[in-house]
Amino acid sequence: RQPVAGTPHLHPAAAQEVSTRVPMRYEIRRNTAAKHSVLTITKDEFESIQDSRDMLLRILVIEQRYDILVGNYLELERQIFHCNSEYVVHPSFDQSQFTSATTLIDRSLGNLLSSARSFIDQAKNGADPDDLKLINQYFADEYDSSLAYRTMEALRNYSQHCGLPTQALHYTGSWRDIEDVDKSRLVQSVVPALSTETLRREKTFKATVLAELEARQLERHPIMPLLREYLGALSHALAHIRELYSDRQSEWLAGMQRPASRYCKFDGNSLGTGVVAVARTEEGSVEAEIHLLSDIGKNLKPCNKVTGPW
């Protein structure tokens, strides 16, 4: 059938979209079966609330990814302490004990490196183009200025695709202040390390980073000092990201709190709980619901204080 003269000819898919578009109502109400007031708002107001909620959730997930990273670091330190304690009590390790200790440390170190990658990816996920450019630069600056950062990134890639992250595990012990009977003590430690000989032989570790490590003229490189510097660099990048979003984070929180306060003035009751912004069809079916008094802001406050001991 030919289109009627003077009317636009829509593509069939576009025509179907227009015909199936459902009129919506937007309102703020209490999420309760008890009798309560309903405040009508505009579509733009609802979408502004939705945008504020979505951006706050994004910032919260970045902080949670960092918290997971720090938790995995603590787990690695505990595993090393556990292996060291075993060494102190049972100094004559057999091969099975050595293999078990290496496996424990490799597992914790692998988890840590994977969570570092997840943190970096999440920091970039959903950022608008201008913010993404800045965030990429924050991490690039840390990468360029730190051999430890480059080494840990190369080690993560190597361990995910080629081999285990620990190539050597040293058990060391030495007496300190031996000349003073009261102060003398035996200091023992477990030291996971990278072996440039192993990495060179396998030819899968990033060549430019391997050359930098070899320039240090050490055959084995203790991992923990490199790892702590790497975590410090990631923490510096996070500090920049927090600063980038600081003012907007306050605006997004206000973008959820103001409608809730406005509703309570309209309703004549205190804030309480269960105040929601709702998008519903004319028939009453709820299409979207946003809790205006959620704990996002409360959850962000303690996260924003975590920076690590680096």
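Note that this is a predicted model, so its numbers are computed, not measured. We count residues from 1, following the sequence as given.
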Nearest-0.5 Å distance that lies between atom [atom1] in [X] and atom [atom2] in [Y]:
X: S114; Y: L69; atom1: OG; atom2: CG; value: 11.0 Å
X: F205; Y: L199; atom1: CZ; atom2: CG; value: 5.5 Å
X: I135; Y: D131; atom1: CD1; atom2: CG; value: 5.5 Å
X: T40; Y: F266; atom1: OG1; atom2: CZ; value: 7.5 Å
X: L39; Y: E27; atom1: CG; atom2: CD; value: 9.0 Å
X: L234; Y: R117; atom1: CG; atom2: CZ; value: 9.5 Å

Check your understanding: Does atom NZ of K43 have more than 12 heavy-atom neighbours, drawn from other residues, nucleotides or ligands, at distances under 6.0 Å?
Key ->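 Not more than 12 within 6.0 Å, no.
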Exercise for review: Report, as yes or no, whether the 6.0 Å neighbourhood of atom CD on E282 holds more than 12 heavy atoms from other residues, nucleotides or ligands.
Suggested key: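 Yes.
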Check your understanding: Side chain of D67, backbone of E63: donor and acceptor closer than 3.5 Å?
Key ->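 Here the side-chain-to-backbone pair does not exist.
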Exercise for review: Output yes when a side-chain donor or acceptor of E197 lies under 3.5 Å from a complementary backbone atom of E219, and no otherwise.
Suggested key: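 Not confirmed, E197 side chain does not pair with E219 backbone.
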Decide yes or no for [X] and [Y]: does some side-chain heavy atom of the first lie under 4.5 Å from some side-chain heavy atom of the second?
X: Y149; Y: D141; answer: no
X: R262; Y: I28; answer: no
X: P259; Y: E45; answer: no
X: I68; Y: S118; answer: no
X: N125; Y: V61; answer: no
X: F119; Y: I62; answer: yes
X: R78; Y: H82; answer: no
X: M24; Y: F46; answer: no

With clusters defined by side-chain heavy atoms of hydrophobic residues (ILVMFWY) lying less than 4.5 Å apart, directly or transitively, does [Y] cluster with [X]?
X: I120; Y: L60; value: yes
X: L134; Y: L238; value: yes
X: L244; Y: L253; value: yes
X: M224; Y: L74; value: yes
X: L147; Y: Y158; value: yes

Point to revise | Criterion side chain to side chain contact (heavy atoms under 4.5 Å, CB included) against D106, the qualifying member of T103, L104, T102 | key: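 For D106, the side chain to side chain contact (heavy atoms under 4.5 Å, CB included) check succeeds only for T102.
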Exercise for review: Give me the one residue out of L227, L112, N157 that meets side chain to side chain contact (heavy atoms under 4.5 Å, CB included) with M152.
Suggested key: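 Of L227, L112, N157, side chain to side chain contact (heavy atoms under 4.5 Å, CB included) with M152 is met by L227 alone.
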Which heavy atom of [X] sits nearest a heavy atom of [Y], and at what distance?
X: S195; Y: Q167; result: N-OE1, 3.2 Å
X: R53; Y: E289; result: NH1-O, 4.3 Å
X: L169; Y: F98; result: O-CE1, 3.5 Å
X: G255; Y: S52; result: CA-OG, 3.9 Å
X: R58; Y: G126; result: NE-C, 3.5 Å
X: Q50; Y: I290; result: CA-CD1, 3.5 Å

Check your understanding: In chain order, what residues pass the side chain to side chain contact (heavy atoms under 4.5 Å, CB included) check against K206, with sequence neighbours excluded?
Key ->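 By the side chain to side chain contact (heavy atoms under 4.5 Å, CB included) rule, K206 matches Y143, A154, T208, V209.
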Practice item. Might you work through the side chain to side chain contact (heavy atoms under 4.5 Å, CB included) test for L210 and R200, ending with a clear yes or no? Key: CA-CA 7 Å; L210 179 58; R200 188 188 320 113; 4.1 Å; yes
Practice item. Determine, step by step, whether I41 and I49 satisfy the side chain to side chain contact (heavy atoms under 4.5 Å, CB included) criterion, reporting the C-alpha distance in whole Å, the side-chain angles of both residues, the deciding distance to 0.1 Å, and the verdict. Key: CA-CA 11 Å; I41 59 175; I49 294 170; 4.3 Å; yes
Will you find, in the side chains of [X] and [Y], an N or O donor that is under 3.5 Å from an N or O acceptor?
X: Y138; Y: E142; result: no
X: E153; Y: Y230; result: yes
X: Y66; Y: S235; result: yes

Practice item. Kindly determine whether Q249 and I59 satisfy side chain to side chain contact (heavy atoms under 4.5 Å, CB included), including the steps that lead there. Key: CA-CA 8 Å; Q249 181 176 312; I59 298 302; 3.7 Å; yes
Check your understanding: With clusters built from Ile, Leu, Val, Met, Phe, Trp and Tyr whose side-chain heavy atoms come within less than 4.5 Å, directly or transitively, what are the remaining members of the cluster of V286, listed by chain and number?
Key ->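 Answer for V286: V276, V278.
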Check your understanding: Quick one: ring pair (Phe, Tyr, Trp, His ring centres under 6.0 Å) partners of H221, sequence neighbours excluded?
Key ->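 Result, ring pair (Phe, Tyr, Trp, His ring centres under 6.0 Å) vs H221: none returned.
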Practice item. Go through S115 and Y73 one step at a time and tell me if the side chain to side chain contact (heavy atoms under 4.5 Å, CB included) criterion holds. Key: CA-CA 10 Å; S115 63; Y73 166 75; over 6 Å; no
